Amino acid sequence: MSKPTESDTTTGLDFIRQIIVEYLKDAPKEKALVTRFPPEPNGFLHIGHAKSICLNFGVASEYGGSCFLRFDDTNPLKEDQAFVDAIIEDVHWLGFDWEDRLTHASDYYTKFYECAVQLISDNKAYVESLSADEIREYRGTLTESGKNSPDRDRSVEENIDLFARMRAGEFAEGEYILRAKIDMASPNMNMRDPTLYRIRKITHQRTGDEWCIYPMYDFAHPISDALEGITHSLCTLEFEDHRPLYDWVIANLDVPAKPRQIEFSRLNLAYTVTSKRKLALLVNDGHVSGWDDPRMPTIAGMRRRGYPPEAIRDFCARIGITKKDNVIQMGVLENSVREYLGETALRVMAVLRPLKVTISNWPEGEVELMTAKNHPNDPEMGERKLPFGRTLYIERDDFMEEAPRKFFRLKPDGEVRLRYGYIIKCEEIIKDADGNVIELLCTYDPETRSGGAQSDRKVKGTIHWVSAEHSVSAEVRLYDRLFTEPSPDKGDDFLAVLNPASLEVLKGCQVEPQLANLSDASVQFERTGYFVTDADSSTSNGLIFNRVVSLRDSWAKIERANTQN
RNA sequence: UGGGGCGUAGCCAAGUGGUAAGGCAUCGGGUUUUGAUCCCGUGUACCGCAGGUUCGAAUCCUGCCGCCCCAGCCA
């Protein structure tokens, strides 16, 4: 994060912060910055919204300003209180506070109505009776200008009357709309007498049946901004063409402020989609378990997946703010997650694909307690005791009967260090009738107890383990990218490139005992990755973990190189 | 044959006329009882292309090329 207020330079800041610094240069007190994050409650927030939230709330706090959380609820057809609740939870969880600045566009419905009447009175808006199809025809095309509607010259008195009757519910949906009178020949389609109000005989989630006419975004948004004293109205690039209309509304109305709209490019994440429509389709068609499925790029999904809010904020700070089209690689997000969790997550041991190991020279029934650090680089996080016995589980991948060069784990007649335990040697392999390895018979070297006399005896590898007698069984869910293509939006059917292997469920995993009662914080399964207990985890379902993200794995690279040669 | 934007290394991104920051990724190496972390090192970026102005241009001018957005009574 930058530390701008006392700096008189704009070097290194993104272009929006540069504009703000310039704006604040003289009389910063009088011109105090005000921003807003204006979601429409028609779906869950996703990583792209996180970028906007971090920008709007971030910039406000950096420059001593304030930020509104405003629900842009102008279309009751698509909106729902459940989404409002989810959005509030998500923004809060991300770490931002709007104090008393939680508003709704619907708070201003009366004001919008008065503004519309003002425009009509000023002969700058008129009631249209053409059908939607006719309006489309009259609008012209990208290359041909439109033509004026026959209703454009309706008298002010008649417009006033008609609009009042629209509001009174005298007409059916689609019978009339209110349009701004601007310029049907404008090369900017948004200026060809845009719709200001339409009739919708639907109950609104907040205003009930008080209204049957609802304002369009282009009308409601600039007025809402002005009423809240927004100084910088930050939005994404697709609204750039709307700015002349935004300015027109402000200029032609008697409103208390003149906000400035600035556009930046929206976030695209590789191998995922960030469009509420498409995310809703994934949910509604059952391709995922819900808006909070851990594979979803929604804030709720990432929360359930175990991404810490700090990591998401760090990610948003790293990707920057520009007007360029961009596709951010997943690795950047994962790096932010690993970086935060690497410092903060408790280390524990868990075996995902258990292979039984019997220590043949270990006394039957004897249990020793080994001391393990909760974090290798942070002594303040303390230690814990791990039971070690005759029968253990190790990771199936940590044994290879025919090991390639540079395989530093267990192999026939080979030695390996058990993390925080003893060095063991593989003496015998037990197989089932099909030739699958089902158990290893090993011996341990009593001198090599972790912390003991010969504990610094070097062996190539160290692997994790759990005591079979003490470990707890768990389900582990491994996640992969939801799509197989870097840009699922590119083709004509994004559902066709869904990754069929985006979820892998592992049952019968064996985890160290203390994991049975874990908080909701993510932990590191040593050598495997970061994990968090899933919401499905309960006494009846048993223990369930989500893999947040794997650890970086340079062995995987070596393996890949080996198989390619 | 309309309008609005954008083009700096694989992906992001500084740079605002003085001779190309940083991050992620990659590839080497060191430390390590996590093949993790950490630490070092690693890039010929024709600064979209072509001209021009200038002692000097990624930065200014001109022309081209490429990509994105706009014809909802969605936001």
Side-chain angles (χ1 to χ4, degrees), chain A residues 10-14 18 38-40 42 72 74-75 77-78 128 131-132 135-136 139-146 173-179 186-192 194-200 214 216-218 220-221 235-244 263 265 270 276-277 317-336 338-339 342-343 347 349 373 375-377 406-409 416-421 423 448 450-451 455-464 486 524-529 550-558:
Chain A
T10 56
T11 301
L13 297 177
D14 62 66
Q18 290 185 22
E40 184 189 13
N42 65 343
D72 221 339
T74 55
N75 187 358
L77 189 61
K78 297 184 172 180
E128 173 69 85
S131 71
I135 288 174
R136 193 177 314 121
R139 187 154 34 224
T141 68
L142 295 177
T143 52
E144 300 159 42
S145 77
E173 287 187 15
E175 209 170 332
Y176 289 105
I177 60 166
L178 183 72
R179 304 178 76 176
S186 172
N188 181 344
M189 300 297 283
N190 296 300
M191 301 299 268
R192 322 246 260 227
T195 303
L196 264 23
Y197 264 94
R198 76 290 216 191
I199 298 170
R200 279 255 192 289
Y214 292 92
M216 299 289 286
Y217 165 88
D218 282 315
H221 205 83
C235 62
T236 42
L237 245 32
E238 63 269 28
F239 292 101
E240 205 147 22
D241 289 341
H242 294 240
R243 187 168 5 114
E263 312 84 12
S265 52
K276 266 196 266 186
R277 205 202 105 242
R318 284 179 196 240
I319 58 176
I321 300 289
T322 67
K323 302 187 70 156
K324 266 191 297 202
D325 284 344
N326 60 81
V327 181
I328 310 291
Q329 296 175 336
M330 270 295 186
V332 183
L333 215 202
E334 292 179 343
N335 175 68
S336 291
R338 288 195 184 104
E339 195 168 293
E343 279 182 24
R347 308 294 132 121
M349 292 209 277
K373 295 174 182 170
H375 189 112
N377 312 323
K406 290 201 190 168
F407 182 80
F408 300 149
R409 288 114 88 163
V416 77
R417 154 81 61 187
L418 293 178
R419 178 98 160 135
Y420 300 123
I423 291 175
T448 58
S450 188
S455 69
D456 32 337
R457 199 183 115 203
K458 298 293 179 205
V459 284
K460 272 288 174 56
T462 299
I463 63 173
H464 58 280
Q524 185 192 100
F525 289 180
E526 292 213 36
R527 302 208 315 126
T528 305
S550 66
L551 250 33
R552 273 197 192 83
D553 187 358
S554 55
W555 168 247
K557 284 176 198 166
I558 296 171

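Below, chain A is the first sequence line, B the second, and so on; all start at residue 1. Small disclaimer: the values here were computed from a predicted structure and weren't measured. Just so you know, these numbers use all the heavy atoms, side chains as well, and skip hydrogens, waters and symmetry mates.
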Contact class for A/Ile319 (heavy atom, under 4.0 Å): base, sugar-phosphate, or nothing? sugar-phosphate
Which part of the nucleic acid does A/Ile135 contact within heavy-atom distance under 4.0 Å: base, sugar-phosphate only, or nothing? base
Closest to the A/Pro376 side chain, choosing from B/C74, B/A36, B/A71: B/A36
Touch class at under 4.0 angstrom, heavy-atom based, for A/Gln18 against every strand present: base
Both A/His375 and A/Thr74 contact RNA chain B. Which one's nearest nucleotide lies toward the 5' end? A/His375
Tell me what A/Asp325 touches on the nucleic acid: a base, only sugar-phosphate, or nothing, going by heavy atoms under 4.0 Å. sugar-phosphate
Looking only at the side chain of A/Asp14 (C-beta and beyond, no hydrogens), which of the listed nucleotides B/C73, B/A14, B/C11 gets closest? B/A14
Would you indicate what A/Arg419 reaches in the nucleic acid, counting non-hydrogen atoms under 4.0 angstrom: base, sugar-phosphate, or nothing? base
Any base atoms under 4.0 Å from A/Ile328, or only sugar-phosphate, or nothing? Heavy atoms, all strands. sugar-phosphate
Pairwise 5' ranking along RNA chain B for A/Thr141 and A/Asn377, keeping only the more 5' one: A/Asn377
Any base atoms under 4.0 Å from A/Ser265, or only sugar-phosphate, or nothing? Heavy atoms, all strands. nothing
Heavy atoms only, 4.0 Å cut-off, all strands: where does A/Lys406 land among base, sugar-phosphate and nothing? base
Tell me whether A/Tyr217 is stacked on the nucleobase of B/A75, counting only the six-membered base ring and applying the 5.5 Å and 30° thresholds. no
Mind checking if A/Gln524 touches a base, just sugar-phosphate, or nothing, with heavy atoms under 4.0 Å? base
Looking for any heavy atom pair under 4.0 Å, which part of the strands does A/Tyr176 touch: base, sugar-phosphate only, or nothing? nothing
Using atom C1' of each nucleotide, how far apart are B/A21 and B/C47 to the nearest Å? 14 Å
